[in-house]
Amino acid sequence: QVRLEESGGGSVQAGGSLRLSCAISRLTFSPYGMGWFRQAPGKEREGVAALDSNGDIAYADSVRGRFTISRDNAENSLYLQMNNLKPEDTAMYYCAVERGMTAFQTLHILTSDFGYWGQGTQVYVSS
């Protein structure tokens, strides 16, 4: 079974940067979509950034230009570089992967009822 583990969260002041990592093991299917999601207290989980096995990438409007999603060549790690962080970026961040999805589908359709998810890493941005 696919396993995902996030790391890299923490506390940072507004305008700062963080880099999240997601170690992915036992990924045996393709095509797939994988991405980063976040959930703030009292809010629904939302897609932040996603990519797929074809190399396409999708971003939420709220992070485009500030966040960058990438993966390593061996495709066993997923990253999210977050720059110019804002207090509204404060949330628990999760990585996830699901078979057969495009980047767009992963970002906008994938929910926690499907796919494989990590346990999350907390990001706190102070003003």
Side-chain angles (χ1 to χ4, degrees):
Q1 182 168 339
V2 181
R3 299 183 66 179
L4 301 95
E5 183 173 0
E6 304 92 340
S7 61
S11 296
V12 64
Q13 289 187 330
S17 299
L18 283 174
R19 188 190 194 210
L20 305 184
S21 298
C22 175
I24 305 173
S25 58
R26 306 174 188 171
L27 180 61
T28 59
F29 51 77
S30 183
Y32 56 79
M34 56 178 62
W36 289 96
F37 299 77
R38 66 186 181 187
Q39 187 167 18
K43 294 187 177 181
E44 294 187 353
R45 191 171 298 188
E46 62 176 354
V48 175
L51 53 79
D52 60 36
S53 48
N54 288 326
D56 294 325
I57 292 175
Y59 292 100
D61 291 341
S62 59
V63 307
R64 186 176 292 110
R66 300 188 298 123
F67 291 10
T68 302
I69 188 172
S70 63
R71 64 186 178 189
D72 70 359
N73 291 335
E75 302 185 6
N76 59 3
S77 289
L78 183 69
Y79 303 102
L80 185 68
Q81 177 67 42
M82 306 186 294
N83 298 328
N84 191 22
L85 282 160
K86 304 176 180 180
E88 52 263 42
D89 295 318
T90 294
M92 184 72 79
Y93 282 71
Y94 303 87
C95 59
V97 62
E98 175 62 306
R99 68 182 74 230
M101 281 194 160
T102 66
F104 181 88
Q105 291 170 334
T106 301
L107 185 70
H108 295 286
I109 299 175
L110 183 60
T111 70
S112 57
D113 293 331
F114 301 95
Y116 302 90
W117 293 77
Q119 294 299 306
T121 185
Q122 179 69 47
V123 171
Y124 179 77
V125 185
S126 59
S127 57

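A 4.5 Å side-chain heavy-atom check between I109 and F104 finds every atom pair outside the cut-off. You'll find the side chain of L110 stays beyond 4.5 Å of the side chain of Q105, heavy atoms only. Side-chain contact between F29 and V2 is present, with at least one heavy-atom pair separated by less than 4.5 Å.
D52 contributes a side-chain N or O that, together with a main-chain N or O of N54, makes up a donor-acceptor pair within less than 3.5 Å. T121 contributes a side-chain N or O that, together with a main-chain N or O of G9, makes up a donor-acceptor pair within less than 3.5 Å.
Closest approach of R66 and L85 over heavy atoms only: NH1-CA, 3.9 Å. C95 and E6 make their closest contact through N-OE2, 2.9 Å (heavy atoms, listed as atom of the first residue, atom of the second, distance). Across every non-hydrogen atom of G47 and F37, the tightest pair is CA-CD2, 3.5 Å.
Residues L107 and M82 are members of separate hydrophobic clusters, defined by side-chain heavy-atom contacts under 4.5 angstrom among Ile, Leu, Val, Met, Phe, Trp and Tyr.
Ring pair F67/W36: centre-to-centre distance not below 6.0 Å.
A salt bridge is absent between D89 and K86; no separation between the charged side-chain nitrogens and carboxylate oxygens falls under 4.0 Å.
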Residues 13-21 side chain polar contacts: donor-acceptor under 3.5 Å, at least two apart:
| residue | atom | partner | partner atom | Å |
| --- | --- | --- | --- | --- |
| S17 | OG | N83 | OD1 | 2.9 |

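In this structure, the separation between CD1 on I24 and OH on Y116 is 12.5 Å, given to the nearest 0.5 Å.
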